[in-house]
Amino acid sequence: MGFDTSWLLKMAVVFVEDAWILVGPKADLWSAAETVGKDLRYFCYGNFFFDDQELREREGTDVVEFATFDEALSAAVAQLAGGRHKLGIDSVDGASPKLVSAPGLQLIDARATAAFFRGARAIKNPLEISLLRGASALTEVALGNALRDAKAGMTEYELAARISSEMISQGGSPGFVVVTSGERSALADAYPTRRRIGANDIVRIDVGATFGGYWSDTARTAFVGDPGKDVMSAFAATSMGHRKASEMVAPGMTTDALFHEAVAAVRQAGLPQYMRHHVGHGLGIESHEYPTIAASNPVTLREGMVVNIEAPYYRPGWGGMMSEDTFLVTATGAEALTRLDRELFVIPG
């Protein structure tokens with residue numbers, strides 16, 4: 001939790017083929033031990049006090065303490081380097097760590113050169129897929145329950161709070177909870193407010209939670225009362241683009257082809273002016289991962305990738321809408337990890 005809430009704290013995993021060391025704040029030592037178990041090797045830094053000597057001896061936890069993150073990281077690298085001459089660095093925030101000493105090692109940004117880690121992250125292993133399934137499932141339960149109980153007159157805050165509490169009760173941690181209504185539904189990724197959801201409002205909901213460190217990302221659209229022709233026409237058009245791209249997800253498909261087909265489907269279905277910069281993205285330990293499903297830099301989908309498909313529409317002064325779903329690329333096609341009804345939800349007016 002400390003790592004999630006403070007940009008000042010740093011963590012790293014240093015690994016070779018058959019061994020690894022976790023580097024992190026001392027305050028997270030026993031949380032790490034709870035998660036990893038007796039195989040934990042933890043090089044920690046910073047000041048924090050546990051009355052844990054007896055427990056360390058009983059559990060046999062391999063813990064080494066350092067003053068700073070850089071010192072702990074350098075020691076972990078030195079311990080595992082052996083005769084190796086290259087160190088590949090992958091960083092979620094894009095900043096390469098500073099090694100106090102790495103004698104004889106050539107440091108490589110493994111995301112920029114040969115995209116090694118980026119490609120490795122894109123192909124999920126069975127454990128990762130299981131965690132992504134769990135994240136998607138709990139988010140759908142939370143969203144479905146909240147939509148079922150949504151009523152005209154409640155505030156965006158109240159609906160967002162219901163979604164968040166349901167996420168927590170299902171074992172997840174709320175990440176982002178976008179609940180926008182009326183003209184505010186055209187605001188991309190805006191926080192909810194005290195605005196009361198009223199008759200003839202579009203309600204756009206885009207939410208994500210984490211489960212075991214892995215993200216979900218699901219979006220649905222609702223309407224208060226009976227939607228008119230304009231709303232249904234726009235929703236049908238965006239749904240067509242969403243459906244077209246969803247049906248095309250398969251190994252061998254390229255991201256640029258998916259993008260062009262989705263945008264063309266929306267335009268042909270009733271929004272001829274429709275434009276987008278992307279219609280989806282990868283999903284994993286970050287809410288937006290490689291590959292981005294866009295017109296540029298085409299990427300071929302491969303078995304084991306997990307991608308999100310979306311075709312949002314934002315018209316300021318009128319409203320916005322979207323559906324978003326998560327798919328696992330399989331050997332023969334795709335498996336939907338999200339199964340919540342994709343039709344326009346109707347909230348009683």
Side-chain angles (χ1 to χ4, degrees), residues 1-15 19-46 61 69 72-73 76 88-95 97 110-111 116-143 163-177 206-218 281-291 304-308 324-329 335 337-338:
M1 184 175 287
F3 178 66
D4 284 340
T5 56
S6 175
W7 61 270
L8 293 173
L9 295 180
K10 298 177 181 178
M11 300 190 79
V13 179
V14 181
F15 64 92
W20 60 276
I21 297 172
L22 178 62
V23 180
K26 187 179 178 183
D28 288 334
L29 165 59
W30 292 107
S31 295
E34 178 187 57
T35 302
V36 175
K38 293 186 178 180
D39 294 331
L40 175 68
R41 299 178 69 191
Y42 197 69
F43 282 22
C44 58
Y45 67 94
T61 306
F69 171 78
L73 178 61
I89 299 174
D90 181 33
S91 176
V92 171
D93 61 10
R111 298 166 309 135
F116 176 79
F117 277 112
R118 186 178 66 179
R121 273 208 231 160
I123 307 298
K124 271 57 181 183
N125 63 39
L127 174 59
E128 292 179 299
I129 292 169
S130 174
L131 292 169
L132 285 162
R133 284 187 199 279
S136 294
L138 74 87
T139 301
E140 285 208 305
V141 170
L143 182 53
I163 295 170
S164 298
S165 65
E166 287 278 348
M167 286 176 171
I168 295 170
S169 71
Q170 295 293 323
S173 298
F176 58 90
V177 180
D206 185 7
V207 295
T210 57
F211 177 71
Y214 283 76
W215 279 91
S216 64
D217 188 0
T218 305
H281 52 84
L283 189 71
I285 60 173
E286 295 179 273
S287 59
H288 279 230
E289 282 192 353
Y290 173 88
M305 285 184 171
V306 175
V307 296
N308 267 48
E324 185 173 15
D325 287 286
T326 305
F327 295 89
L328 167 66
V329 182
E335 175 193 344
L337 301 188
T338 46

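Index from 1, following the sequence. Here the structure is a predicted model, which means the values were calculated and not measured.
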Gap between atom [atom2] of [Y] and atom [atom1] of [X] - 0.5 Å precision:
| X | Y | atom1 | atom2 | value |
| --- | --- | --- | --- | --- |
| Thr218 | Leu283 | OG1 | CG | 8.5 Å |
| Leu40 | Glu34 | CG | CD | 12.0 Å |
| Tyr214 | Glu128 | OH | CD | 3.0 Å |
| Trp215 | Thr139 | CH2 | OG1 | 9.5 Å |
| Met167 | Leu143 | CE | CG | 7.5 Å |
| Ile285 | Leu131 | CD1 | CG | 11.5 Å |

Do [X] and [Y] have side chains that approach each other closer than 4.5 Å (heavy atoms only, starting at C-beta)?
| X | Y | answer |
| --- | --- | --- |
| Leu22 | Arg41 | no |
| His281 | Glu286 | no |
| Leu328 | Arg133 | yes |
| Leu132 | Thr326 | no |
| Pro25 | Met11 | yes |
| Val14 | Trp20 | no |
| Phe211 | Gln170 | no |

Would a distance-only check, ignoring hydrogens and angles, find a side-chain to backbone donor-acceptor pair under 3.5 Å from [X] to [Y]?
| X | Y | result |
| --- | --- | --- |
| Ser136 | Thr338 | no |
| Glu166 | Ile163 | no |
| Tyr45 | Lys10 | yes |
| Asn308 | Asp217 | yes |
| Tyr42 | Lys26 | no |
| Ser216 | Ala209 | yes |

May I ask you to check whether over 12 heavy atoms, not counting those of Phe176, lie within 6.0 Å of atom CZ?
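Yes - once you tally the heavy atoms of other residues, nucleotides and ligands closer than 6.0 Å, there are more than 12.
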Exercise: identify the closest heavy-atom pair between [X] and [Y]:
| X | Y | result |
| --- | --- | --- |
| Ala12 | Leu73 | CB-CD1, 4.0 Å |
| Lys124 | Gly284 | CE-CA, 3.9 Å |
| Pro174 | Ser164 | CG-O, 3.7 Å |

